[in-house]
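Below is one structure, written out as structure tokens; comments come after it.
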Protein chains: 2
Amino acid sequence: MNIGKASETSGLPVKTIRYYEEIELIAPQRLENGYRDFSAVDVQDLKFLRRARDLGFSIDECRMLLELQRDPARASSQVKSIANGKIIDIDRQIVELQSLRATLSALVSECRGDDTSECAILEGLAH
Amino acid sequence: MNIGKASETSGLPVKTIRYYEEIELIAPQRLENGYRDFSAVDVQDLKFLRRARDLGFSIDECRMLLELQRDPARASSQVKSIANGKIIDIDRQIVELQSLRATLSALVSECRGDDTSECAILEGLAH
DNA sequence: CCTTGACCCTCCAGTGACTGGAAGCTTTAT
DNA sequence: ATAAAGCTTCCAGTCACTGGAGGGTCAAGG
């Protein structure tokens, strides 16, 4: 299967797939004409990568997860701890965003938002 | 005031301040020896930038906000609409993160996390 | 057989918002 | 006089792609 089809099947852009090869996440075979030739396993890996990226795992985390997936002697506890770390990250991000939202929202509610120049938001930022 | 003091007073790293000059967010004077010389207004602007960045505004948004701050004929409605746009962005991000968290959390709860290789998380990603 | 268009290839540059480091001034303190 | 700290510019790297130039390959239609 060449790269266009692999892209369509995996849902990853062609450019991204080439990039993943460059950083050695995947290593598809090459045909005599130089075209990449994706096996069923390669395409599986691409799908795996897409889902893991969508879930917020970094490329390095994806690399670890992929290695674990390929390792028959893995312990599921290793995978679980990576995933738990990610959940903690996400929770931290959510808390931070909620705090930003509260601050912004307070500023906005104090700003009249008319055609005069007085503005509580700018004042709040200049503080 | 030279850059080290401006950094200390504004809370922005020296490198960041130089970068802000490069992208023309600020334009401090220069002394005869080539050193940047920050006025009180420059330092105010730096503080403003730090707070706005902390609140999640992009550099381009900060540029708009700074221009509005400097413009005595501004309408507070312009500022308010930028801030409201940012709140909408933040809400979108929060929703997305919550959804990721739910998915991850469901996978994690199905994974035994022991020393066996069977792992619901990897299976979920491979799907 | 030729052409057209859709693929594929590599390589280079740019994104956002910095950050690190090298190489070389100037100033300050001892 | 010298050493340390602070300043300057310029170049490269970060993360995870993305866009484009320039060129080779392949399948279908005339």
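Just so you know, these numbers use all the heavy atoms, side chains as well, and skip hydrogens, waters and symmetry mates. Reminder, nothing fancy here: chain letters follow the sequence lines and each chain counts from 1.
For A:Asn33 and D:dC26, the shortest distance from a side-chain N or O to OP1 or OP2 is below 4.0 Å. For B:Arg36, a side-chain nitrogen or oxygen approaches OP1 or OP2 of D:dT9 to under 4.0 Å. At D:dA16, none of the side-chain N or O atoms of A:Tyr20 fall inside 4.0 Å of OP1 or OP2 (strictly under the cut-off). A close approach under 4.0 Å does occur between a side-chain nitrogen or oxygen of B:Thr16 and OP1 or OP2 of C:dT19. OP1 and OP2 of D:dG24 both lie 4.0 Å or more from every side-chain N or O belonging to A:Tyr35. OP1 or OP2 of D:dT8 has at least one side-chain nitrogen or oxygen of B:Arg18 nearer than 4.0 Å.
Interface remark: the B:Lys15 side chain does form a donor-acceptor pair with the C:dG21 base, using a distance-only criterion of under 3.5 Å.
Straight-line distance from the CZ atom of A:Arg53 to the P atom of D:dC15: 12 Å, rounded to whole Å. Summarising the geometry, the separation between CZ on B:Phe57 and C1' on C:dA17 is reported as 17 Å, rounded to the nearest angstrom. Protein atom CD of A:Glu32 is 19 Å distant from nucleotide atom P of D:dG24, rounded to whole Å. Computed from coordinates, the B:Glu22 CD to D:dC10 P distance equals 9 Å when rounded to whole Å. One atom, CD1 of B:Ile23, and another, C1' of C:dG14, lie 16 Å apart when rounded to the nearest Å. Rounded to whole angstrom, the span from the CG atom of A:Asp37 across to the C1' atom of D:dT25 amounts to 15 Å. Here the P atom of nucleotide D:dT18 and the CD1 atom of A:Ile59 are 11 Å apart, to the nearest Å. Straight-line distance from the OH atom of B:Tyr19 to the C1' atom of D:dT9: 17 Å, rounded to whole Å.
For the pairing with A:Leu107, the side chain to side chain contact (heavy atoms under 4.5 Å, CB included) check across B:Val79, B:Ile87, B:Leu55 returns one residue only, B:Leu55.
Residues B:Glu118 and B:Glu123 form a side-chain contact, since some pair of their non-hydrogen atoms from C-beta on lies under 4.5 Å apart.
Taking 4.0 Å as the cut-off between side-chain N and carboxylate O, B:Arg36 and B:Asp42 do not count as a salt-bridged pair. A salt bridge links A:Arg101 with B:Asp91; the closest basic N to acidic carboxylate O contact falls under 4.0 Å.
Out of D:dC7, D:dC17, C:dC18, the shortest distance to the side chain of B:Asn2 is found at D:dC7. When the nucleotides D:dC10, C:dC9, C:dC18 are ranked by their closest atom to the side chain of A:Arg30, C:dC9 comes out on top.
The backbone N or O of A:Cys111 sits less than 3.5 Å from a side-chain atom of B:Lys80, completing a donor-acceptor pair.
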